[in-house]
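See structure below.
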Amino acid sequence: MNKIHVKKDDTVVILSGKEKGKQGKVLAVSPKEKKIIVEGLNMVTKHVKPRRTGEAGGIVKAEGAMYASKAMLVCPKCGKPTRLAHAVLEDGTKKRVCKKCKATF
């Protein structure tokens, strides 16, 4: 079982590479490959073939996958990049906790 520290719709900041320091929303997570796709970052060009008659093909820009280890979660409460902690609440549910402001999300 492969686990990734970020989930879909989380906001992350990129730690390394050409997109270093930029923030974006996670669009997709692939735990098997340990990769994520972030909105508007790591743009690649794809050559698209027309599928039906009358449909246009061409070169399309799309977000490429990147390793999840290059991204750090941004806390929705304090807005700072943070590592995650986990806490078990009184009712037995497990929540993610910000290491900086101790907010649960």
According to side-chain contact (heavy atoms from CB on, under 4.5 Å), who are the partners of R51, at least two apart in sequence or on a separate chain? E55

All salt bridge (Lys or Arg N to Asp or Glu O under 4.0 Å) counterparts of K77, not counting sequence neighbours: none

For S30, the side-chain contact (heavy atoms from CB on, under 4.5 Å) test, sequence neighbours excluded, returns E33

Who passes salt bridge (Lys or Arg N to Asp or Glu O under 4.0 Å) against D91, sequence neighbours left out? none

Return the set of residues passing side chain to side chain donor-acceptor pair (under 3.5 Å) with N2 (not counting sequence neighbours), or none when no residue passes. none

Heavy-atom pair of closest approach, residues G40 and E63: N-OE2, 3.1 Å

Can you name the side chain to side chain donor-acceptor pair (under 3.5 Å) partners of T53, sequence neighbours left out? none

Would you say that more than 12 heavy atoms from the other residues, nucleotides or ligands in this model lie under 6.0 Å from the NZ of K34, or not? no

How close do C98 and C78 get, counting heavy atoms only, and between which atoms? SG-SG, 4.0 Å

Those residues at least two apart in sequence (or on a different chain) that pass side chain to side chain donor-acceptor pair (under 3.5 Å) with D10 are R96

Using side-chain contact (heavy atoms from CB on, under 4.5 Å) as the criterion, list what pairs up with V74, not counting sequence neighbours. T11, V13, Q23

Apply salt bridge (Lys or Arg N to Asp or Glu O under 4.0 Å) to E19 and list each qualifying residue two or more places apart in sequence or on a separate chain. K22

Contact summary for K99 and A85, nearest pair of heavy atoms: CE-CB, 3.9 Å

Shortest non-hydrogen contact from P81 toward M72: CB-SD, 3.7 Å

What residues form a side-chain contact (heavy atoms from CB on, under 4.5 Å) with K8, not counting sequence neighbours? none

If you link ILVMFWY side chains whenever their heavy atoms are less than 4.5 Å apart, which other residues fall into the same cluster as V6? By chain and number, please. I4, V12, I14, V26, V29, I36, V38, L41, M66, L73, L84, F105

Selection residues 78-88 - residue pairs positive for side-chain hydrogen bond (donor to acceptor under 3.5 Å, both in side chains), sequence neighbours left out: none

